[in-house]
There are 2 protein chains.
Amino acid sequence: MGNPLDIGKIQNGNEETEASPSPSRRRESREKRREQLIKATIESLAVRGYAATTLADVSDGAKLSRGIVNFHFDSKDNLLLETLQFMSDEYQENWKARYAAAPSDTAHKLTALITADLDRKICTPHTVAAWFALMAEAKSRPAYQKLVWERDTKYRGRLTEYCRKAKDEAGYTFDPENVTAAIYAMQEGLWLRLMLSGRKYKRTDALKIAMEMLGTIFPKHFDADGRPLTKTPMRKPGRKT
Amino acid sequence: MGNPLDIGKIQNGNEETEASPSPSRRRESREKRREQLIKATIESLAVRGYAATTLADVSDGAKLSRGIVNFHFDSKDNLLLETLQFMSDEYQENWKARYAAAPSDTAHKLTALITADLDRKICTPHTVAAWFALMAEAKSRPAYQKLVWERDTKYRGRLTEYCRKAKDEAGYTFDPENVTAAIYAMQEGLWLRLMLSGRKYKRTDALKIAMEMLGTIFPKHFDADGRPLTKTPMRKPGRKT
DNA sequence: CGCGCTACTGAACAGCCATTCAATAAAACT
DNA sequence: AGTTTTATTGAATGGCTGTTCAGTAGCGCG
C-alpha cells in the first residue's frame, strides 16, 4: 500500500488533439488541473477506500506536489465534495443524453434510462467503487446526502413518468411509484454487486439481468429477453397483429 | 461533533433479566464487553461514518476508558472486522430462523426470505448505515470482501433454489439465476435507500415495494399486492379454475 | 486476610496527515 | 526587458489518533 497509482498522463479521451505547445509545460489551466486531481481522487477512493485516501495519495497519483490540492480545492473535504459533484454531473449528463437520443416510444425510453445506468462510460469498477465510498459517508455528511438525493430525485422522476405511461398504455395493475422504487433499487443493487464481486460479474451481465427484469415487469412492452417491442404502436387497449 | 453517544446502558433485549449482583460492577464477562463495544462501534459508524470513527468515540460511547478496545480486540482493524462479522452473523441467524419457521410452500418460503431482509431486528437505520460504511471499504479490504461475499452467497443460494422451484411449479419463462440476482439487487438497493433517505422512507414502505415486486415476478404464486396464494397446490402446467 | 489474577485505566508516545506559507518559476502583460 | 500575476512546490507545523504499558482496582480463592 503506497504505490503512486500513476495517472499523471490522463487519457483525455476528448477531441483535444491540438498539438500541445510544449510537452514539459508545468502550468495547466485551472479546469484541467482540477479534473486531473478529481480523477486521481476517484482512483484512490476506488483502490484504497475512503478512510485510507490521503492528500498525499492524490497528489502523488497526479504526479504533483503536496500542497497542490489545498491550492486548487482549499481543503480535503471540499475536494471530496467536488469529486462527488463531478461524478453526479457525469451521471446525469449521460442518462439525459441517452434518454434524448432514444426513440419516443415508452419501451425505448425505458430502455434508455435503464441502460444508461450501466453504460460503459460511467459504470467502470473504479467509478462505482468511488461512488459507494462517498455515498456510505452520506448519512453523516449532509452535503453529500443532498447531492445524492438530488441526483436520485431527477432520475427517478423520469423513470416514474414512464412507468406510469407504460401502465396507461397496457393496463398493468402495478403501482407506478412502487415499481419505480423497485427498479431503481435493483439498479443500485447491481452497482453494488459490480463493485463487490471484482471480476466475477461484468457490466454486461448486470445489463442482461436488468433488461430481463424489464421484460418481466412490462410484458406488453418487452419480450422475455427484454427486447423492446415496437411493432404495435400501442394505444389504449388496441388490438394486436 | 464529539458528543459521546451514550449507550453505556445497552438495552439488552434478551432474556437476561437476572438481577445483576451489583450495579456498580466494573468487571464484566469477556463476551459482554465485546458485544458492548461492537454495539458502540455500530453506533459510531452510523452517526459519524467510517472515516470519522475513532477508538476514542467507541470507548466514550461505551463509557469506558481509552485503552479498552485494544485490550479486547487488539487493534482497531480487528474491531471493525469483528463488527462486520457480528452483523453478518446476526443477519444470517435472522433469515435462517424465519425461513425455517415458514410454511413449506414456495410462496411462503420466498416471502420469508424477502421479509427477513427487512425485518425490524436487523433493518434499523443504524445497522444499515454501519453495514454500508463497512461494505464500501470492502473493495480495498480483502477480509471484508470475503465476509460480505460469503454472507451473500448463502442467502442467494437459497433464494435461487426457490426461484427455480417456482419456475418448475408454474412454468415461468425467466432464468432463475437472473431473477435471483435482480431480486437480491433490489433488496440491497432498498437498504441503501433506507439509509440515505433518513425518515422519508420507512422499513414498511420498502417491505411493500418488495412484496409487490414478488407479485409481479411470480404472478401464479402471489396476488398483485404480494400476498402468497396457497389455495392451489400447483402442479406442473395444471389447468386453472 | 492476603494473594494472586484479570479486567481495566489513562497518561505517554510515536507516527501520520491536513494545512500553511515563504520561496520559486512559468506565463502574461506592458 | 521588466513587472505583475498566477501556478506550483515542499518543508515546517501542529493536531489528532492508534497503540503501548506501567499501574490500579475489583474479584475469587485459599
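The chains referred to below are lettered A, B, ... by the order of the sequence lines, with proteins before strands, and numbering in each begins at 1. What's counted below: heavy atoms across the whole structure, side chains too, no hydrogens, waters or symmetry copies.
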Between [N] ([atom2]) and [X] ([atom1]): distance, integer Å:
{"X": "B/Arg33", "N": "C/dA7", "atom1": "CZ", "atom2": "C1'", "value": "8 Å"}
{"X": "B/Asp60", "N": "C/dG10", "atom1": "CG", "atom2": "P", "value": "11 Å"}
{"X": "B/Leu37", "N": "C/dA7", "atom1": "CG", "atom2": "C1'", "value": "12 Å"}
{"X": "B/Glu31", "N": "C/dA7", "atom1": "CD", "atom2": "C1'", "value": "14 Å"}
{"X": "B/His72", "N": "C/dT9", "atom1": "NE2", "atom2": "C1'", "value": "12 Å"}
{"X": "B/Leu79", "N": "D/dG18", "atom1": "CG", "atom2": "C1'", "value": "12 Å"}
{"X": "A/Arg30", "N": "C/dA27", "atom1": "CZ", "atom2": "P", "value": "17 Å"}
{"X": "B/Arg48", "N": "D/dC16", "atom1": "CZ", "atom2": "C1'", "value": "14 Å"}

In A/Trp95, A/Tyr99, A/Tyr162, the residue satisfying ring pair (Phe, Tyr, Trp, His ring centres under 6.0 Å) with A/Tyr155 is A/Trp95
Would you check, one step at a time, whether the test side chain to side chain contact (heavy atoms under 4.5 Å, CB included) holds for A/Gln85 with A/Glu90? CA-CA 9 Å; A/Gln85 180 77 256; A/Glu90 213 176 23; over 6 Å; no
Of the nucleotides [options], which has the atom closest to the [X] side chain?
{"X": "B/Phe71", "options": "D/dT9, C/dT20, C/dA7", "answer": "C/dA7"}
{"X": "B/Lys76", "options": "C/dT9, D/dT19, C/dT19", "answer": "D/dT19"}
{"X": "A/Leu55", "options": "C/dT19, C/dC8, D/dG18", "answer": "C/dT19"}
{"X": "A/Ser65", "options": "D/dG10, C/dT9, C/dC17", "answer": "D/dG10"}

Distance check: side-chain N/O of B/Arg66 vs OP1/OP2 of D/dG18, anything under 4.0 Å? no
Phosphate contact (D/dG18 OP1 or OP2) by B/Asn70 side-chain N/O below 4.0 Å: no
Carboxylate-amine/guanidinium proximity below 4.0 Å for A/Lys39 and A/Glu43: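 Salt bridge flag = no for A/Glu43 with A/Lys39.
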May I ask you to check whether over 12 heavy atoms, not counting those of A/Lys76, lie within 6.0 Å of atom NZ?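 More than 12 within 6.0 Å, yes.
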Crowding at NZ, B/Lys96 (>12 non-hydrogen neighbours, <6.0 Å): yes
